[in-house]
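As the structure lists them, so they are numbered: ligands from 1, and atoms in each ligand from 1.
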Amino acid sequence: MSKQIVSQRITVPEIMKRKGNEKIVCLTAYTTPMANLLDPHVDLLLVGDSVGMVMHGLPSTVGVTLEMMILHGQAVMRGANRALVVVDLPFGSYEESPESAYKSAVELMKRVGCQAVKVEASKDISNTISFLVDRGIPVVGHVGLRPQAIHLEGGFKAKGKTSLERELVMEEALSVEKAGAFAVVVEGVASDLAEEITRKIKIPTIGIGASPKCDGQILVTEDMLGLFEWTPKFVRRYANLKEEISKAVESYTDDVRKGLFPGQSEMYMLKAN
Ligand code: KIV
């Protein structure tokens with residue numbers, strides 16, 4: 001009999017047990033080197049479909065394909081061996097029917113080796129979530145501001161200003177929980193509403209632009225590292241990589257123009273004997 005392989009990764013039940021306990025630290029990752037840097041620190045790495053905007057310069061997440069998610073998911077899995085890895089099902093790969101969602105999720109899980117998938121949750125998605133969970137696929141829901149619905153909404157709109165919006169978001173969160181998701185991302189939601197959702201549902205909430213009272217937090221890594229001129233207002237920049245990179249490239253440009261050797265040191269230049 002083959003030896004049992006014990007996973008060193010944080011598991012879905014471990015994340016669920018963190019509800020109301022130690023906060024869950026989450027960040028996005030799309031590449032091997034970034035996953036490598038983040039993995040020792042975070043509990044959960046999300047290969048978000050934000051990859052389309054962050055890495056491919058797309059105007060929204062709508063253009064992201066399943067193949068893109070698979071390639072970036074594989075890269076992240078190669079760079080991380082501790083964090084739980086969740087991959088987004090992109091727009092068009094799961095909404096048509098529970099069966100279409102199952103097919104996409106199975107392809108992702110087989111080819112990537114990730115532990116779970118995430119779906120944006122309109123109030124009609126609960127059948128799909130329970131269809132996946134019943135077949136052994138752990139699911140994270142995503143409520144509130146749903147970037148894949150950008151064209152329906154006319155932009156990236158925060159939620160929770162009107163009572164109708166509040167009811168809708170609460171309904172989405174409750175139905176995601178009832179359908180069997182093990183956690184839910186709460187994005188761009190009024191903080192008191194995010195807090196109320198966190199109190200009402202028994203699965204962990206992971207906030208982004210929501211409330212510090214959520215059970216965990218997630219940010220787009222490149223936003224919090226200060227790689228872009230513009231980031232959403234709620235994002236705190238923990239570094240200013242844009243400036244650091246510009247400075248480094250300026251120094252390199254100067255060296256090259258001056259005819260200096262841009263390698264480590266002239267000592268390492270290959271010379272004829
Ligand atoms: O796609 C993504 O990166 C996300 C997070 C911002 C939650 O969904």
Side-chain angles (χ1 to χ4, degrees), residues 15 23-31 34-35 38 42-66 68-73 75-76 80 83-95 104-105 108 112 114 116-122 125 129 139-150 153 155-159 169 172-173 176 181-189 194 197-198 203-211 214-225 227-228 230-238:
I15 292 290
K23 299 276 185 190
I24 305 163
V25 182
C26 317
L27 280 171
T28 59
Y30 321 115
T31 64
M34 188 60 87
L38 304 178
V42 303
D43 302 307
L44 184 154
L45 284 172
L46 172 70
V47 186
D49 59 354
S50 51
V51 67
M53 301 168 78
V54 176
M55 304 291 290
H56 295 268
L58 292 173
S60 75
T61 57
V62 171
V64 175
T65 64
L66 191 62
M68 286 162 80
M69 297 312 301
I70 289 169
L71 284 177
H72 286 285
V76 168
L84 179 99
V85 176
V86 180
V87 180
D88 265 347
L89 281 178
F91 178 72
S93 72
Y94 66 98
E95 303 89 333
S104 301
L108 255 183
V112 172
C114 57
V117 299
K118 175 164 83 60
V119 295
E120 291 189 11
S122 70
I125 206 76
I129 295 180
V139 178
V140 176
H142 182 148
V143 304
L145 188 162
R146 291 185 287 116
Q148 291 176 11
I150 182 177
E153 301 274 342
F156 295 118
K157 301 266 167 67
K159 293 288 165 78
V169 176
E172 284 167 6
V176 160
F182 75 90
V184 61
V185 168
V186 180
E187 177 166 4
V189 162
I197 293 172
T198 303
I203 56 173
T205 55
I206 297 167
I208 170 161
S211 161
C214 289
D215 299 297
Q217 299 292 330
I218 187 162
L219 285 176
V220 168
T221 299
E222 286 73 3
D223 282 345
M224 74 95 174
L225 292 178
L227 201 63
F228 300 121
W230 183 91
T231 49
K233 275 192 250 136
F234 59 80
V235 175
R236 174 166 163 204
R237 288 183 180 168
Y238 287 81

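Proximity of Asp49 to ligand 1, defined as any heavy-atom pair under 4.0 Å, is shared by backbone and side chain alike. Residue-level proximity to ligand 1 for Asp88 is carried by the side chain, the only part with a heavy atom below 4.0 angstrom. Residue contacts with ligand 1 for Val51 are absent, since no atom lies close enough (heavy atoms, distance under 4.0 Å).
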Chi angles and distances behind the side-chain contact (heavy atoms from CB on, under 4.5 Å) call for Asp43, Leu84: CA-CA 6 Å; Asp43 302 307; Leu84 179 99; over 6 Å; no
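For ligand 1, the atoms sitting less than 4.0 Å from at least one non-hydrogen atom of Thr28 are 3 (O), numbered in the order shown with element in parentheses. Those atoms of ligand 1 with a heavy atom of His142 less than 4.0 angstrom away are 8 (O). When each atom of ligand 1 is checked for a heavy atom of Gly48 under 4.0 Å away, the hits are 1 (O), 2 (C), 3 (O).
The shortest distance between side-chain heavy atoms of Val64 and Phe91 does not fall below 4.5 Å. Annotation: side chain of Phe182 is not in contact with side chain of Val139 (no heavy-atom distance under 4.5 Å). The shortest side-chain heavy-atom distance between Glu95 and Gln148 falls under the 4.5 Å cut-off.
The one candidate from Glu187, Glu172, Glu153 that meets the side chain to side chain contact (heavy atoms under 4.5 Å, CB included) condition with Lys159 is Glu153. When the options Val87, Leu108, Val112 are evaluated for a side chain to side chain contact (heavy atoms under 4.5 Å, CB included) with Val47, the one that passes is Val87.
Ligand 1 has no nitrogen or oxygen under 3.5 angstrom from a nitrogen or oxygen of Tyr30. The shortest N or O to N or O distance between Ser50 and ligand 1 is below 3.5 Å.
Summary of contacts: the protein heavy atom closest to atom 5 (C) of ligand 1 is Leu46 CD2, 3.7 Å. Annotation: atom 6 (C) of ligand 1 to nearest protein heavy atom, Ile208 CD1, 3.5 Å. For atom 8 (O) of ligand 1, the nearest non-hydrogen atom of the protein is Lys118 NZ, 2.9 Å.
Taking a 4.0 Å cut-off on heavy atoms, Glu120 fails to register as neighbouring ligand 1.
Residue Ser93 holds its OG atom at 9.0 Å from CE of Met69, rounded to the nearest 0.5 Å. To the nearest 0.5 angstrom, Asp223 atom CG is 7.5 Å from Ile208 atom CD1.
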